[in-house]
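Notes to accompany the following structure.
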Amino acid sequence: MQLQDILYSQGFGTRRICAGLVQQGRVAVREAGAAGDVVCTDATQEFDTRDLMLNVQGADWPYHAKAYLVLNKPAGFECSQKPSAHPSIYTLLPAPLRQRPNKSAMAGVQAIGRLDQDTTGLLLLSDDGQFIHRMSSPKKRMPKVYQVTTKHPVTTQQVERLLAGVVLDDDPKPVKAADCVQTGECRIDLTLTEGKYHQVKRMVAAVGNRVEGLHRSQIGALELPADLVPGQWRWLAAHELRLLQG
Ligand code: URA
């Protein structure tokens with residue numbers, strides 16, 4: 001693929017901007033197995049994209065045909081592109097990830113499902129429409145684990161009711177937790193396989209308690225990586241992606 005097209009595909013701007021970056025000597029390339037970066041000033045030069053490392057204006061950028069990211073969402077950020085009262089999680093990502101061209105109307109990566117502004121933890125983002133669809137499809141019943149801190153001590157009866165199913169205001173069909181484990185006086189780990197609006201908060205309220213803190217620790221077999229501090233993101237490793245697709 002031509003270097004200008006590679007940069008364009010990664011979100012570094014229009015093809016013209018990308019060609020300009022190359023011609024100005026701001027792009028170095030390291031092909032798979034090569035020892036060091038080589039500055040390339042020919043925007044039309046072809047490269048094999050497999051394991052290609054770009055360096056654009058001093059910053060390393062591994063080529064990815066599709067983006068699969070994990071973010072440790074901090075409290076105080078909204079998952080919307082157009083947030084109403086708090087900054088958007090998208091401001092935590094570098095510009096190329098927000099600009100990557102794709103076939104859908106929306107450029108850049110998209111959050112897979114939403115967490116409330118005050119919820120923390122594991123959030124996946126991607127620009128692969130099929131992957132987003134698969135991960136968020138209710139049919140897939142992808143389990144998600146939430147660590148819940150409650151206002152009042154959790155009772156055995158509340159745990160039993162969460163497992164048996166509770167009725168939420170917008171749907172007569174009860175929703176059940178796939179699992180609910182009490183981990184402290186005011187703490188439970190709740191596993192859900194649906195993603196209804198404010199589902200954890202509404203389920204906990206329906207059994208007569210109240211959510212004071214909410215953290216998503218796991219999606220499918222993927223746990224929030226321990227090395228990610230709140231606000232930090234990284235590319236998913238191939239084995240992590242397989243855990244989600246398995
Ligand atoms: N359930 C909620 O109530 N809030 C979240 O952010 C996620 C699940």
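Note that ligands are numbered from 1 as they come in the structure, with each ligand's atoms numbered from 1 the same way.
In terms of protein heavy atoms, atom 4 (N) of ligand 1 is closest to Asp116 OD2, 2.7 Å.
Under a 4.0 Å N-O distance rule, the pair Arg234/Glu240 qualifies as a salt bridge. With respect to Arg50 and Asp48, a salt bridge is recorded, a charged nitrogen being found less than 4.0 Å from a carboxylate O. The existence of a salt bridge linking Asp5 and Arg15 is confirmed by a sub-4.0 Å separation between a basic side-chain nitrogen and an acidic carboxylate oxygen.
Of all the heavy atoms in Val109 and Asp127, the pair that sits closest is CG1-N, 4.1 Å. Closest approach of Ala206 to Leu168, counting heavy atoms only: CB-CD2, 4.5 Å.
The part of Leu214 lying near ligand 1 is the side chain, judged by heavy-atom distances below 4.0 Å.
Looking at ligand 1, you won't find any N or O of Arg114 less than 3.5 Å from one of its N or O atoms. For a threshold of 3.5 Å applied to N or O pairs, the pair formed by His198 and ligand 1 contains at least one separation below that value.
Atoms of ligand 1 found under 4.0 Å from any heavy atom of Thr119, numbered from 1 in the order shown, are 4 (N), 5 (C), 6 (O). Taking a cut-off of under 4.0 Å to the non-hydrogen atoms of Val200, the atoms of ligand 1 that pass are 1 (N), 2 (C), 3 (O), 8 (C). Interface atoms of ligand 1 facing Gln199, defined by a heavy-atom separation under 4.0 Å, are 1 (N), 2 (C), 3 (O).
The shortest separation from a heavy atom of Tyr146 to ligand 1 is under 4.0 Å, placing the residue in contact.
When hydrophobic clusters are built by joining Ile, Leu, Val, Met, Phe, Trp and Tyr residues whose side-chain heavy atoms come closer than 4.5 Å, directly or via intermediates, Leu52 is grouped together with Leu3.
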